[in-house]
Structures are given as structure tokens and as C-alpha cells.
Amino acid sequence: MAKVAFIGLGVMGYPMAGHLQQAGHDVTVYNRTTAKAQRWQEQYGGSYTLTPKDAAEGCEVVFVCVGNDDDLRQVVAGKHGALAGMSSGAVLVDHTTASADVARELAAAAGELGVGFVDAPVSGGQAGAENGVLTVMAGGEPEQFERARPVIDAYARCAELMGPVGSGQLCKMVNQICIAGVVQGLAEGMHFAQKAGLDGDKVLEVIGKGAAQSWQMDNRGHTMLKDEYDFGFAVDWMRKDLGIALDEARGNGAQLPLTALVDQFYAEVQRLGGSRMDTSSLKLRLPK
């Protein structure tokens with residue numbers, strides 16, 4: 001069992017840190033809103049601190065899961081950031097979905113202190129975090145990844161090293177690109193079924209046993225038909241992720257016409273008041 005810190009107790013980080021504590025690790029947490037860290041301690045045990053630096057002191061592995069590149073820089077490299085408290089030989093594992101550039105930037109800063117760095121965004125959403133079955137796509141040195149992997153296993157069903165630092169973030173971009181297209185296709189399919197006078201639930205039962213089947217269909221198809229979107233991964237976060245992918249594509253020459261189009265569809269959903277709705281809310285912009 002390891003002494004670890006977890007920085008960022010959002011909808012993903014809160015249960016992930018809980019799985020670490022339940023697995024027997026000695027966990028210290030930090031969250032910008034202290035009340036949430038206190039609530040986590042009451043639920044799981046462990047301890048909390050008032051700065052990332054204090055949380056990271058003496059830890060073998062420090063995990064971070066925050067909102068975006070700027071949040072990440074603040075809690076890792078700021079005056080009271082995690083790196084200020086970490087010792088040489090420790091490993092920093094970043095579960096934030098962020099840019100590959102910030103991963104390389106923070107890896108360099110960590111390396112100057114003798115600290116390992118692994119960028120390790122996750123897939124599986126809030127349910128995956130709560131059930132401890134996330135998929136982790138990682139970038140970094142094999143030695144650092146293997147040191148962190150036994151701890152990551154507390155909340156992951158799959159954890160793979162994809163290449164050097166930044167590769168985890170690049171793989172997560174692929175993940176979000178694929179999801180965007182699938183969700184738009186599902187939204188259009190359910191819209192078409194309703195306009196054609198078909199029983200949408202029966203349609204899903206039938207085509208869900210064929211080549212059209214997907215996680216999105218299994219988990220979001222029936223709720224799309226009911227216009228229920230109060231769960232899952234928010235539109236605001238999906239737009240942030242797609243923006244990262246589109247920025248990266250502009251640099252590497254990849255052409256992402258469908259991704260760019262779906263990103264604009266999500267912008268329409270935001271204008272309709274759906275910023276915090278689940279990503280399946282793409283169907284909202286299609287006429288009833």
C-alpha cells in the first residue's frame with residue numbers, strides 16, 4: 001500500500017480518491033472548496049489539507065484531476081502547488097483531460113526536481129469513476145508508469161501506456177473525436193425514428209443487437225427518446241475537450257470536419273441553455 005495524494009474532488013476525482021482509500025492506501029486529498037474535502041474525509045476516512053503542496057508532501061504518488069490547463073498549472077506548478085511539496089523519486093499522475101503541450105511542460109518541470117510525470121486522462125465518465133472501472137490512457141516513461149499502475153488499478157479496469165509524455169492526452173483526443181461522431185449519429189437516428197412514426201424503444205432493441213450497437217446507444221438512446229439529459233458528461237466539458245482536439249489538429253495537419261461540425265452543434269445546445277446537460281443533448285437542436 002502506498003502513501004498518496006489526490007488533488008481535485010470533482011465528479012470524477014471524488015470517487016476515484018475514495019477507491020484509493022478503500023483499497024487500503026493512505027490518502028490525503030486537496031480540493032479548492034474545502035467543504036468538499038471535509039465531506040470526502042467524513043465518507044472515506046483519510047485526511048485533507050489546505051494546499052496541494054501540503055497534500056503532496058511525503059507521498060509516493062500524487063494524482064491530479066482538475067478542469068483545464070490553467071487549473072492544472074495552478075495546482076501543480078504554483079507557489080503552493082504539488083511539485084513544491086513532492087520529493088525526488090515520487091511520481092505525479094495527471095488525470096485531467098488537458099492539452100499534450102501542458103503535459104510536456106509539467107513533465108519538464110517535474111523532471112527538474114527528480115519527480116516522474118505521467119499524463120493519464122480517463123474515459124468512462126462519472127459512472128465509471130464511481131464503479132471503479134475507468135479506462136486510463138497514459139503517456140510517460142515505462143518505469144514511472146509501472147510504479148503508478150498498481151495504485152491506479154484501484155479505480156481502473158484498463159490502464160495502458162500509449163507512448164511518451166503527451167501520448168495519453170493525444171489518445172484521449174481520439175476518444176472524444178470518436179464519441180462526438182457517434183452521439184451525433186445516434187441523435188439523428190432517434191430523431192428520424194420518431195419522425196417516421198416508429199417505436200423508438202423497439203428500434204433500439206433491434207438495431208442494438210447489430211452493427212449499430214455502441215455504449216452511447218446502450219446508455220443514452222432510451223433517454224434521448226424521453227429528452228432526459230440531466231446526467232453524465234456535461235456539454236461544457238465536451239466542448240473544452242473538442243477544442244483541445246481541434247487545436248492539436250491544426251498543428252499536426254489532421255482534418256476533422258465532423259468534429260468541427262459537432263462542436264458547433266454543441267455550441268447551439270449551449271445557447272439553448274444546455275451547458276450542464278449530458279452530451280446526448282445534441283438531440284435537443286433537432287426539431288420535434
Side-chain angles (χ1 to χ4, degrees), residues 1-31 40 44-47 52 55-56 58-67 71-72 75-76 82-83 85-87 89-98 100 102-104 106-107 110-111 115-176 233 241:
M1 296 298 101
K3 180 173 173 54
V4 305
F6 205 104
I7 296 167
L9 300 177
V11 295
M12 302 293 287
Y14 192 100
M16 291 164 74
H19 284 297
L20 291 171
Q21 183 69 20
Q22 291 173 331
H25 299 293
D26 179 5
V27 184
T28 300
V29 300
Y30 165 80
N31 193 68
W40 182 92
Y44 294 107
S47 58
C59 290
E60 300 163 61
V61 185
V62 175
F63 297 94
V64 181
C65 189
V66 292
D71 295 333
L72 188 54
V75 299
V76 171
L83 286 178
M86 295 179 72
S87 302
V91 181
L92 178 63
V93 178
D94 175 34
H95 286 311
T96 308
T97 296
V102 79
R104 298 181 188 110
L106 295 179
V115 172
F117 181 88
V118 178
D119 57 294
V122 301
S123 180
Q126 184 176 348
E130 291 172 349
N131 295 320
V133 291
L134 291 169
T135 296
V136 180
M137 48 211 88
E141 295 297 324
E143 178 185 354
Q144 306 299 338
F145 175 68
E146 292 302 330
R147 289 179 60 198
R149 187 208 288 263
V151 189
I152 292 172
D153 284 345
Y155 47 76
R157 66 176 176 182
C158 173
E160 292 291 339
L161 183 65
M162 307 307 297
V165 168
S167 299
Q169 297 296 352
L170 293 170
C171 186
K172 180 62 183 286
M173 294 174 208
V174 176
N175 187 78
Q176 303 305 77
F233 187 62
D241 292 357

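FYI, the numbering just counts along the sequence from 1.
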Student: Donor-acceptor pair, distance only, cut-off 3.5 Å: does the side chain of Asp119 make one with the backbone of Ala103?
Tutor: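 Not at all, since once roles are kept as given, no pair shorter than 3.5 Å links the two residues.
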Student: If only atom types and distance count, is the side chain of Thr96 paired as donor or acceptor with the main-chain N or O of Val66 below 3.5 Å?
Tutor: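 It does hold such a pair.
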Student: Please check if the number of heavy atoms outside Glu141 that lie under 6.0 Å from its CD is greater than 12.
Tutor: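 No, because the 6.0 Å sphere around CD of Glu141 holds 12 heavy atoms or fewer from other groups.
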Student: Drop me the distance from Cys65's SG to Asp71's CG, to the nearest 0.5 angstrom.
Tutor: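 If I round to the nearest 0.5 Å, the distance is 11.0 Å.
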Student: With a 4.5 Å heavy-atom cut-off, do Phe6 and Tyr14 have their side chains touching?
Tutor: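 Of all side-chain heavy-atom pairs linking Tyr14 with Phe6, none is under 4.5 Å.
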Student: Given the rule in the side-chain contact (heavy atoms from CB on, under 4.5 Å) test, do Val93 and Val64 qualify, once you have shown the distances and angles that lead to the verdict?
Tutor: CA-CA 6 Å; Val93 178; Val64 181; over 6 Å; no
Student: Let me confirm one number: the CG-CG distance from Asp26 to Leu20, rounded to the nearest 0.5 Å.
Tutor: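 Atom-to-atom, Asp26:CG and Leu20:CG are 11.0 Å apart.
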Student: So, for Tyr155 and His95, is the gap between ring centers shorter than 6.0 Å?
Tutor: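 That pair passes the under 6.0 Å test.
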Student: Output the distance between atom CG (Leu161) and atom CD (Glu143), rounded to the nearest 0.5 Å.
Tutor: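 It is 12.5 Å, given to the nearest 0.5 Å.
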Student: Going by side chain to side chain contact (heavy atoms under 4.5 Å, CB included), Asp94 matches just one of Val75, Ile7, Val165, Leu72. Which one?
Tutor: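 Of Val75, Ile7, Val165, Leu72, side chain to side chain contact (heavy atoms under 4.5 Å, CB included) with Asp94 is met by Leu72 alone.
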Student: Apply side-chain contact (heavy atoms from CB on, under 4.5 Å) to the pair Gln22 and Tyr44, showing each step before the final yes or no.
Tutor: CA-CA 7 Å; Gln22 291 173 331; Tyr44 294 107; 3.6 Å; yes
Student: Within a strict 4.5 Å, meaning less than it, do heavy atoms of the Val62 and Val91 side chains meet?
Tutor: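 Not touching, per the 4.5 Å side-chain cut-off.
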Student: What is the minimum heavy-atom distance between Gly116 and Ala110, and which atoms define it?
Tutor: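 Distance-wise, the nearest heavy atoms are O-CB, 4.4 Å.
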Student: For the pair Glu60 (side chain) and Ala2 (backbone), establish whether a donor and an acceptor sit closer than 3.5 Å, ignoring hydrogens and angles.
Tutor: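 No: the side chain of Glu60 does not pair with the backbone of Ala2.
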Student: Which heavy atom of Gly125 sits nearest a heavy atom of Leu134, and at what distance?
Tutor: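 So the minimum-distance heavy-atom pair works out to O-CD2, 3.8 Å.
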Student: Contact between Cys158 and Val136 at the side-chain level, heavy atoms closer than 4.5 Å - yes or no?
Tutor: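 The answer is no; the side chains never approach within 4.5 Å.
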Student: I would like to know whether Gln176 and Phe233 meet side-chain contact (heavy atoms from CB on, under 4.5 Å); could you show each step before the answer?
Tutor: CA-CA 11 Å; Gln176 303 305 77; Phe233 187 62; 3.8 Å; yes
Student: Only one of Arg147, Gln144, Arg149 passes side chain to side chain contact (heavy atoms under 4.5 Å, CB included) with Val118; say which it is.
Tutor: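 Among Arg147, Gln144, Arg149, the one that satisfies the side chain to side chain contact (heavy atoms under 4.5 Å, CB included) with Val118 is Gln144.
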Student: Considering non-hydrogen atoms only, spot the tightest contact between Trp40 and Val27 and give its length.
Tutor: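 Shortest heavy-atom contact: CH2-CG1, 3.8 Å.
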Student: Measure across Gln169 and Pro121 and return the closest heavy-atom pair with its distance rounded to 0.1 Å.
Tutor: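 Closest approach of Gln169 to Pro121: OE1-CG, 3.7 Å.
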Student: To the closest 0.5 Å, what do you measure between CG (Asn175) and CE (Met137)?
Tutor: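 Interatomic distance, Asn175 CG to Met137 CE, rounded to 0.5 Å: 4.5 Å.
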Student: Any non-hydrogen side-chain atom of Leu170 less than 4.5 Å from a side-chain atom of Met162?
Tutor: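 Leu170 vs Met162: side chains apart.
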Student: Which heavy-atom pair separates Ala17 from Val29 by the least distance, and what is that distance?
Tutor: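 Minimum heavy-atom contact is CB-CG1, 4.1 Å.
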Student: Write down the atom of Ala23, the atom of Ala154, and the distance for their closest heavy-atom approach.
Tutor: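 For Ala23 and Ala154, the tightest heavy-atom pair comes out as CB-CB, 4.0 Å.
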Student: Drop me the distance from Ser47's OG to Gln21's CD, to the nearest 0.5 angstrom.
Tutor: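 Going from the OG atom of Ser47 to the CD atom of Gln21 covers 8.0 Å.
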Student: If we count only N and O atoms by modelled type, under 3.5 Å, do the side chains of Ser123 and Thr135 hold a donor and an acceptor together?
Tutor: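 Distance-only check fails for Ser123 and Thr135.
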Student: Does any part of the side chain of Val61, heavy atoms only, come nearer than 4.5 Å to the side chain of Phe63, both counted from C-beta?
Tutor: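 With C-beta onward as the side chain, the pair touches.
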Student: In sequence, state the C-alpha distance, the side-chain angles, and the governing distance for Leu83 and Val115, and then conclude on side-chain contact (heavy atoms from CB on, under 4.5 Å).
Tutor: CA-CA 8 Å; Leu83 286 178; Val115 172; 4.2 Å; yes
